[in-house]
There are 2 protein chains.
Amino acid sequence: MTVTSLHDPAHREALWELEAAFDRGDLISVFGRCSVSYEGRAASDLGSGDRLLLLKPDGAALVHTDEGQKPVNWQPPGSEHRAAVREGRLRVTSVRETPEETLRVHFSDVQQLSAMSVTGGRDLELHGSEEDLRTRILERPDLIEAGFEPIGTEHPSNAGPIDVFGVDADGTPVVVELKRRRVGPDAVGQLARYVRAIREELGTEGSSVAEPETEGSSMANPPDDADTTRVRGMLVAPSVTERAAERLADRGFEHVALEPTPAE
Amino acid sequence: MTVTSLHDPAHREALWELEAAFDRGDLISVFGRCSVSYEGRAASDLGSGDRLLLLKPDGAALVHTDEGQKPVNWQPPGSEHRAAVREGRLRVTSVRETPEETLRVHFSDVQQLSAMSVTGGRDLELHGSEEDLRTRILERPDLIEAGFEPIGTEHPSNAGPIDVFGVDADGTPVVVELKRRRVGPDAVGQLARYVRAIREELGTEGSSVAEPETEGSSMANPPDDADTTRVRGMLVAPSVTERAAERLADRGFEHVALEPTPAE
DNA sequence: AATTCCATCTCGACT
DNA sequence: AGTCGAGGTGGAATT
């Protein structure tokens, strides 16, 4: 028997089955009228209503209503589930530490309880990720620009690992930041930190004062002036928002439109 | 009857019940052996295994295994669920547009199907958010620093709305960025953009070139030099990471340790 | 519909 | 355990 199911159980019955399911390491679902409270990283209270409580053997707990992709309340994996009957009502509690947080679900009515034993199948294969984009560029560097040569990926710098580091046809260093989807201004800031780190490392730029970040100063580095552009910054993403484009232009960076997977 | 449940149904039976439940607008759970494939913003494939499929009347679909807080596969609210039997097997498909994406769940075995009618209770009350932090500061500005006076919240600037804008005891403008929890370097970049925008707006700073972002330049603005510090940047958060602290110091910004809710 | 930013983000990798 | 960055991030507010 891989699924045990109780219909409209008494709270005591539900408790027994729940504890047996905990022991078996089953995936458990409880549907019924309940109130929920959470306290930990934040705090919340949810009045009485019909909800589905999912209890996983790895300690995760999810409270779902009839809408939304996210649970209204939850507890991360690693929590410990406990159940009890107080005042004739089923209470489920899920607690974890570091950080300490507690989820409490108090049922006034249990309409169904199911315990399911789960086996196999965790081999998810995901395509179209940032890693796919990196692979694509390493296989065809000309997608960035003719003559581009990758030197390394996850290239270490003071500002953290650079997605792709390389040189262009003129031998000028190029810092490449990859994003799998359309990006906002935040990505430009990230690219700027990497470029700055490499400029400092290579001791380029006339003075110790690097590229000003001022949005007002439209001192975009002209691409033909090698003296002030000895390190190029390149954002590779399917597209960029308008504000991101502005920030790119302000800093003299470039955008290359590229999808993580080839267009069909 | 608010819960309908089928044990080890034939695939045809499951289909009938599924379609009836769609019509009723029920919350549906299907547990059984299945394979899952997704195509849309990315693409993924998941081999055969025991999983719980949750179908919500708002169009959300969730595929859960025995571990993890997040579903292994899902479809956002607004999708349309369809079910069919092909080659004697139950197939559930969930499709949405803009962006176009499809989730397909093929069952080889249905162990349980439940349809639940959900009513009421969506009045979640959440505490400890960034908004709570803002409220707390407005009620007690001295928590920032003695003499601090808030002028406005969500104060408009070229770089976007500033969490709290105010002046200190000397009348110097103060840009305050709020974070409800420990922050990394990204928050400092955000604060920097706001401060720069205000400096430009007020036309302060000796030249049109604003504060350089160079990490090497340890030109922290001394707090007693009013000429170069006519706009102060302040990061209010419970704590900051080490790298964030460095970037704060580089730019002459300050950190005020404050929780979104008062310590008990 | 697109953009922006918060989130009890979650998750994984690395230190 | 803490930090950092990716994510099919999700979700809400705003434009």
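Here the structure is a predicted model, which means the values were calculated and not measured. The figures here come from the full heavy-atom set of this structure, side chains too, leaving out hydrogens, waters and symmetry mates. Convention: sequence-line order gives letters A, B, ...; per-chain numbering from 1.
The closest side-chain donor-acceptor pair between Thr93(A) and Arg82(A), if any, does not fall under 3.5 angstrom. Side-chain atoms of Lys56(A) and His64(B) form a donor-acceptor pair, as typed in the model, at a separation below 3.5 Å.
Atom-to-atom, CD of Glu125(A) to P of dG8(D) comes out at 14 Å; the value is rounded to the nearest Å. Per the geometry, CG belonging to Asp186(A) stands 15 Å off C1' belonging to dC4(D), to the nearest Å. As rounded to whole Å, 14 Å separates atom P of dG10(D) from atom NZ of Lys56(B). Atom-to-atom, CZ of Arg247(B) to C1' of dC4(D) comes out at 13 Å; the value is rounded to the nearest Å. If you take CZ of Arg96(A) and P of dA1(D), they are 10 Å apart, rounded to a whole angstrom. Rounded to a whole Å, the CD atom of Glu97(A) is 22 Å from the P atom of dT8(C). Here the C1' atom of nucleotide dT8(C) and the CD atom of Glu100(A) are 14 Å apart, to the nearest Å. Rounding to whole angstrom units, CG of residue Leu178(A) and C1' of dG7(D) are separated by 15 Å.
Contact annotation for Gln69(B): backbone-only contact, meaning every heavy-atom pair under 4.0 Å involves sugar-phosphate atoms and none involves a base. At the heavy-atom level, Arg181(A) lies under 4.0 Å from base atoms of the strands shown. Nucleic acid contact class of Asn73(B) (heavy atoms, under 4.0 Å, all strands): base. Among the heavy atoms of the strands, none lies under 4.0 Å from Gly128(A). Contact annotation for Glu39(B): no contact, since no heavy-atom pair falls under 4.0 Å across all strands. Across all strands shown, Gln190(A) has heavy atoms under 4.0 Å from sugar-phosphate atoms exclusively, and none from any base.
Toward the 5′ end of DNA chain C lies the nearest nucleotide of Arg182(A), the other residue of the pair Arg182(A) and Gln75(A) mapping further downstream. Nearest-nucleotide mapping onto DNA chain C: of Leu126(B) and Gly160(B), the residue sitting toward the 5' end is Gly160(B). Two residues, Thr98(A) and Leu103(B), neighbour DNA chain D, and the one matched to the more 5' nucleotide by heavy-atom proximity is Thr98(A).
Residue Trp74(A) places at least one side-chain N or O closer than 4.0 Å to OP1 or OP2 of dT10(C). Contact check, Arg41(A) against dC6(C): no side-chain N or O comes under 4.0 Å of OP1 or OP2. The shortest distance between the side-chain N/O atoms of Arg243(A) and the OP1/OP2 oxygens of dA2(C) is not below 4.0 Å. Between dC6(C) and Ser129(B), no contact under 4.0 Å exists linking OP1 or OP2 to a side-chain N or O.
Here the straight-line distance linking atom CZ of Phe31(B) with atom CG of Leu52(B) works out to 7.0 Å at 0.5 Å rounding.
Remark: Arg134(A) engages Glu154(A) in a salt bridge, criterion side-chain N to carboxylate O under 4.0 Å. Glu177(A) has a carboxylate O that lies under 4.0 Å from a charged side-chain N of Lys179(A), or vice versa, which qualifies the two as a salt bridge.
Closest to the side chain of Glu177(B), from the set dT4(C), dC6(C), dC4(D), is dC6(C). If you check dG7(D), dG11(D), dT8(C) against the side chain of Glu130(A), the one that comes closest is dG7(D). The side chain of Pro185(B) approaches dC4(D) more closely than any other nucleotide in the set dT9(D), dA7(C), dC4(D). For Arg180(A), counting side-chain heavy atoms from C-beta on, the closest listed nucleotide (dG7(D), dG5(D), dT4(C)) is dG7(D). Each of dC6(C), dA6(D), dG8(D) was ranked by its minimum atom distance to the side chain of Lys179(B); first place goes to dC6(C).
Taking atom C1' in both dC9(C) and dC5(C), one finds a spacing of 12 Å when rounded to whole Å. Taking the C1' atoms as reference points, dG5(D) lies 12 Å from dT9(D), given to the whole Å. Using P as the reference atom, dC11(C) and dG11(D) are 15 Å apart when rounded to the nearest Å.
No more than 12 heavy atoms of other residues, nucleotides or ligands lie within 6.0 Å of CZ in Arg104(B), so this atom counts as exposed by the packing criterion.
Nearest heavy atom pair, residue Ala192(A) against residue Arg251(A), reads CB-NH1, 2.6 Å.
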